[in-house]
There are 2 protein chains.
Amino acid sequence: MNGRPVTIQDVAREAGVSTATVSRTLSKPSVVAKPTRQAVLRAVQKTGYQVNHLARNLRRQRTGSVIALAPNLANPFFSQILAGMSAVLSARNYGLLIADTQMGPDPDERLRRYLASGMADGLVLFDGGLSPAALDVPGRPPVVAACEWLAADLPSIRVDNAHGAALAVDHLAGLGHRRIGHVTGPRTNVLARARKAGWREAMARRGLPAPDAWLFEGDFSMDSGALAAERWAAAPDRPTALFFASDEMAVGFLGALRRIGAQAPRDVSVVGFDNIEVCAHLSPALTTIRQPRTLIGERAAFLLLELIAGGTGEGIEGLVEVELVVRDSTAPPV
Amino acid sequence: MNGRPVTIQDVAREAGVSTATVSRTLSKPSVVAKPTRQAVLRAVQKTGYQVNHLARNLRRQRTGSVIALAPNLANPFFSQILAGMSAVLSARNYGLLIADTQMGPDPDERLRRYLASGMADGLVLFDGGLSPAALDVPGRPPVVAACEWLAADLPSIRVDNAHGAALAVDHLAGLGHRRIGHVTGPRTNVLARARKAGWREAMARRGLPAPDAWLFEGDFSMDSGALAAERWAAAPDRPTALFFASDEMAVGFLGALRRIGAQAPRDVSVVGFDNIEVCAHLSPALTTIRQPRTLIGERAAFLLLELIAGGTGEGIEGLVEVELVVRDSTAPPV
DNA sequence: TTCGGCGCTGCAATCGTTTGCACCGGAAGC
DNA sequence: GCTTCCGGTGCAAACGATTGCAGCGCCGAA
């Protein structure tokens, strides 16, 4: 009825007890006597009391929320990860704040500001392009890196990129390909680097050459994949198969390929990375390395909560497995 | 050096003034004398003081963040909208909390809880499937509906769905199609309904029949689009063109189409809705109705901030325009 | 009867800011 | 010289919860 929000005082008055008792009834019901507890609960019902999170958190010296810092929120790749995080966090009454690193002029500075601001109890970092120096903030909250990260000592949820690359190369080699190229992600990105290194390694392990001429530079985007198609078509000694550092690039590649009259897997076999939803619906459907994105989000959330609670995070497996999903974009070379 | 975070008291002591003066220096610099101001700023620098948002917000009786409530965070459609919101909000020092309506058992109840919890100063609602009754919370914060919404009196950012449908139909009819079908979104979704109604209306305006036989039910997902392909192929008297309530369904349709040996636009013209990124990279590239998603996010954020500030939101245009993007998936019927 | 212990409850300090109000000194007006 | 402002500052009360500590009543044991 009243415009003023109902406080713990109102409940206390209604129930005829002190605010302390109300507070305890709500947080540690076991310590308050049953009749009192019931009276308080009735008063809570009657008044429609909702705790004021700000006041509670101020007192408890925590914020009750965590930040997810992604390089580009518009990138659909993250939405599923965020969904996984959100599920875990909201079940534990934590809020999920999201922010974009790449908006202002200085991403590193933004990260530093978020860490220092005390706006959250912890932070999950998805941007593999930031400088580790930005983490050097005096009383900073726990940070989980949800991507391979230069600073190895940071608790992290990592995808086994090298293994993914090996799966791709082995699959293609198993089909009989010997000239397997790679389309890279952005040069500064740690994930992109790991996948490239994985490709190199897997090729070497198989005794296959991996010359720079079979390397096409991309930036994870569809457009860069389309560009790679033109460059691939124009190459003198072109690979019969390509491993892409991201599905999006592979998608762009496939589209551009068709437009120039070529076709996968007839003219070139294609393996992506991520298993984004569209893969299965393309034609040819895209063979790819599946990254369990929901799981990544969940793990990252668990790990962060563990760290916030003062744990070491030892109990949580940091490496998530990837797997090969074979579809129609790969076939033996003609 | 010290583990304890530095408070406004520390700054005051360092600068030799009262906390009140420090606070004023930081929020309303004009009211404090220049020398004092400088001394305070120097102390802030020296101590590395950061305001405690919790304390500030508790005192100011606001939370400094807003919630975006989406039906399914894993849906990439929202990520770009969120990016738009995030840009506007973070520029104004507001935080963006995100939450999923469809996770627990009772979505309406979740909405009600968020509204009552006082966790945010406002809320943007993206879920067209919730019940308006869930908004009936005593002292609830401002809510902006970022989708057409049953309760017409809610401030909202709307896309002109009917107009979008008309653009699609007119484009197809202009190419010479007379049998134009529609693949719908989920039956309970307001957006889906509006698009369907728009299709009906546009067909009627052109004097074209729009029998239920040309209507294929979907749920916005790629899978449902693929399913529509089978049903379309099996239909006795099938449309020569299809207007889809979402791009994702159109993508699924195109993939499945190829798999059954048919092809767009030769066998059927296809128009999607949304203009998701992949459209341009498919082959055939997908003709679609563009929804300016970043703009939607920005508008929603502006409107909400306006409402939070006590304004009426009159100044902000609630209807965002859509436009036809012609690509290769549409052509005259054979 | 006294006393220790225990289960429950209340008092009051505390979290870190903001802000209404009072105060103070100096300049200006009479 | 006495009031009247007025710019600038500090005091202290909020904001709404949590929680250490103390007190109270009651029960059982000595």
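Only heavy atoms go into these numbers, but all of them, side chains included; no hydrogens, no water, no symmetry mates. So you know, we letter chains A, B, ... as the sequences are listed, proteins then strands, and number each from 1.
Around atom CD of Gln45(A), no more than 12 heavy atoms belonging to other residues, nucleotides or ligands sit under 6.0 Å away. Remark: Arg113(B) CZ is loosely packed, at most 12 non-hydrogen atoms of other residues, nucleotides or ligands lying under 6.0 Å away.
As a whole-Å value, the separation of Asp10(B) CG from dG16(C) P is 9 Å. In this structure, the CG atom of Asn52(B) is 13 Å from the C1' atom of dT14(C), given to the nearest Å. Ile8(A) places its CD1 atom 5 Å from the P atom of dT18(D), with the value rounded to the nearest Å. If you take CD of Gln50(A) and P of dA17(D), they are 11 Å apart, rounded to a whole angstrom.
The nucleotide whose nearest atom lies closest to any side-chain atom of Ser23(B) is, among dT19(C), dG16(D), dT19(D), dT19(C). Which of dT18(D), dG16(C), dA17(D) sits closest to the side chain of Arg60(A) comes down to dT18(D).
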Polar-atom pairs under 3.5 Å, protein N or O versus N or O of nucleotides 10-14 of chain D: list them with distances, or write none.
residue, atom, partner, partner atom, Å
dG10(D), OP2, Ser18(B), N, 3.0
dG10(D), OP2, Ser18(B), OG, 3.1
dG10(D), OP2, Thr21(B), OG1, 2.5
dG10(D), N7, Arg24(B), NH2, 2.7
dG10(D), O6, Arg24(B), NH1, 3.3
dG10(D), O6, Arg24(B), NH2, 3.2
dA14(D), N3, Arg59(B), NH1, 2.9

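A donor atom on one side chain and an acceptor atom on the other are found under 3.5 Å apart for Asp127(A) and Thr101(A).
Panel note: side chain Ser156(A), backbone Arg158(A); no donor-acceptor pair is recorded below 3.5 Å. Side chain of Arg42(A) to backbone of Ala15(A): no donor-acceptor contact under 3.5 angstrom is found.
Of the side-chain N and O atoms in Tyr49(A), none sit less than 4.0 angstrom from OP1 or OP2 of dG16(D). Within the 4.0 Å cut-off from OP1 or OP2 of dG16(D), at least one side-chain nitrogen or oxygen of Gln61(B) is found.
Within the helix from dT1(C)-dA30(D) to dC30(C)-dG1(D), the inter-axis angle between the opening and closing five-pair segments is 60°, rounded to 10°.
Comparing Val31(B) and Leu58(A) by the nucleotide of DNA chain D whose heavy atom lies nearest to each, the residue mapping closer to the 5' end is Val31(B).
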